[in-house]
Amino acid sequence: MEIVLIKNAMLVNEGEIVQKDLLIHGELIHKIADFIDPKLADNVIDARGLHLMPGWIDDQVHFREPGLTHKATIASESRAAVAGGITSFFEMPNTNPQTTSSEALAEKFEIASKNSIANYSFLFGGTNDNLKDIISIDKSKIPGFKLFLGSSTGNMLVDDPEVLREIFSNIDLPIAVHCEDEVTIKENLSRFIAEYGDDIPIGKHPEIRSEKACYLSSSRAIELAKETGARLHVFHLSTAIETELFENDIPLKEKKITAEVCVHHLWFSEEDYEEKGTLIKWNPAIKKKTDREALWKALNDDRIDVLATDHAPHTLEEKQQVYTKAPSGGPLVQHALPAMLTAVKHGKIKFEKFVQKACHNPAILFNIEKRGFLKEGYFADLVLVDLEKINTVIKSDLLYQCQWSPFEGTTFEASVEKTFVNGNMVYDQGKIIENGLGKRLTFHNS
Ligand code: DOR
């Protein structure tokens with residue numbers, strides 16, 4: 001068992017930033033103290049001038065395996081993730097086969113156990129016809145469920161009201177939902193197709209996947225959750241008006257209805273469509289600057305609980321097709337942390353608050369065991385970051401299999417220096433270190 005001492009870092013944890021030493025024994029954080037004797041360690045890292053935070057737990061990624069491996073694999077994207085300080089992820093069910101049966105779930109765990117450098121788990125998918133599988137799946141193995149209440153990549157729309165009510169009434173775990181009203185989207189899309197054919201200007205995307213589509217769907221989901229008592233987690237809010245649906249007057253542990261925002265909705269606005277085109281086509285769409293500001297506000301005042309990436313790679317060839325054919329989604333895990341730390345430096349959010357939303361809150365909300373905090377006895381999932389080192393995103397540094405990023409050419413004002421997963425250093429200043437694989441996440445679910 002290797003003993004590693006990280007000395008003199010500024011620890012960002014539970015609302016504080018304080019200089020401390022942190023000692024890793026094997027896979028766990030053994031001790032955190034003002035001074036730890038270097039003689040106790042096999043390996044000492046002098047981290048003066050750097051900040052140390054828990055690894056980001058990303059509750060929404062699409063790593064495309066099995067079935068869509070021309071876009072990405074768990075091996076490729078988990079390496080991009082640790083390069084970006086993301087040490088644990090929940091992967092989404094819109095793969096092929098969809099993760100809607102216990103066999104499909106077992107296959108994913110098997111693939112991840114052999115390939116993932118980060119810690120992993122999978123949301124179980126709901127469809128109009130897998131209620132039996134939902135009810136019978138072993139709840140101790142998964143963090144929760146994912147329902148597409150608006151269609152997106154993978155044809156997983158759940159739109160049967162009876163099925164939805166059954167799912168909401170029978171599930172105790174968090175139900176994460178993609179909220180966009182399908183009827184509204186279809187109406188909008190046919191109007192624009194009538195005008196432009198397939199080559200709709202990308203700037204119209206937020207009018208097609210509109211504010212109304214988002215609000216109708218998320219408010220309906222919230223209503224149903226209130227009626228049934230379900231634990232609802234609304235993924236990737238994108239509009240100001242939806243932020244008003246959430247509360248901030250109770251602690252996260254007591255909330256039954258929670259919300260997530262993604263990095264791209266905090267970074268881009270509709271003004272970026274002209275330069276970036278379909279590379280920033282996402283579902284839900286990037287919307288107005290005023291929406292972006294409202295999302296920042298709700299994140300800061302705790303109406304939004306969790307910060308994620310919705311990393312969703314497609315090939316460049318796929319993305320460069322005409323509007324109606326270009327798929328939505330883009331790769332983010334390698335750059336989400338430098339982007340957010342840049343936002344920290346610009347005063348958009350405090351570093352401590354960011355750590356709460358990216359690390360502590362996913363662990364609390366999904367009952368993850370021994371992760372998400374810098375705490376003795378917890379897994380040593382750690383990220384050392386340099387708030388003074390700028391870096392510009394260039395193609396040759398990309399670890400995504402798809403080899404493009406919506407951030408190419410962007411200069412971030414902070415860098416990830418080193419990432420540890422279960423005590424193993426797996427990333428060091430630009431290099432992935434093959435030093436052991438990630439673990440399956442475990443939960444306090446009964
Ligand atoms: O833009 C998106 N892409 N939104 C989703 O909900 C799915 C994702 C994907 O899987 O491509």
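Every number for a ligand or one of its atoms is a count from 1 in the order of the listing. Values reported hereafter were calculated over all heavy atoms of this structure, with side chains retained and with hydrogens, waters and symmetry mates removed.
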Checklist entry - N/O of Q60 under 3.5 Å from N/O of ligand 1, yes or no? => result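 Min N/O separation from ligand 1 is not below 3.5 Å for Q60.
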Checklist entry - Any N or O of G329 that comes nearer than 3.5 Å to an N or O of ligand 1? => result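 Looking only at distances, the answer is yes, because the N/O contact criterion of under 3.5 Å is met.
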Looking at [X], I want to see if its [atom1] is surrounded by more than 12 non-hydrogen atoms of other residues, nucleotides or ligands under 6.0 Å.
X    : atom1 : answer
K212 : NZ    : no
K141 : NZ    : no
D138 : CG    : yes

Next on the checklist: Taking the side chain as everything from C-beta on, heavy atoms only, tell me whether K256 gets closer than 4.5 Å to K226.
Outcome noted: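 Contact flag for K256/K226 side chains = no.
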Item to check | Side-chain touch F89/T309, heavy atoms, less than 4.5 angstrom | outcome: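 Heavy-atom side-chain distance check fails, nothing below 4.5 Å.
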Protein residue, atom and distance nearest to [atom], heavy-atom basis:
atom                   : answer
atom 1 (O) of ligand 1 : N283 N, 2.8 Å
atom 3 (N) of ligand 1 : S328 O, 3.0 Å
atom 9 (C) of ligand 1 : T153 OG1, 3.1 Å
atom 7 (C) of ligand 1 : S152 OG, 3.3 Å

Check whether any heavy atom of [X] sits under 4.0 Å from an atom of ligand 1.
X    : result
F148 : yes
R64  : yes
H314 : yes

Next on the checklist: Check this for me: does any side-chain nitrogen of one of E211 and K288 sit under 4.0 Å from a carboxylate oxygen of the other?
Outcome noted: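 So E211 does not pair with K288 through a salt bridge.
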Checklist entry - Can you list the atoms of ligand 1 that are under 4.0 Å from a heavy atom of H178? => result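 Taking each heavy atom of H178 in turn, ligand 1 has 5 (C), 6 (O) under 4.0 Å.
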Item to check | Numbered atoms and elements of ligand 1 in range of A312, under 4.0 angstrom, heavy atoms | outcome: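 Those qualifying, in numeric order: 3 (N), 8 (C), 9 (C), 11 (O).
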Next on the checklist: When you measure from the centre of the six-membered ring of Y427, is the NZ or CZ of K418 closer than 6.0 Å and no more than 45° off the axis?
Outcome noted: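 That pair does not qualify as a cation-pi contact.
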Item to check | Polar contact flag, side-chain donor to acceptor under 3.5 angstrom, N115-R79 | outcome: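 Note: N115 and R79 side chains miss the donor-acceptor criterion.
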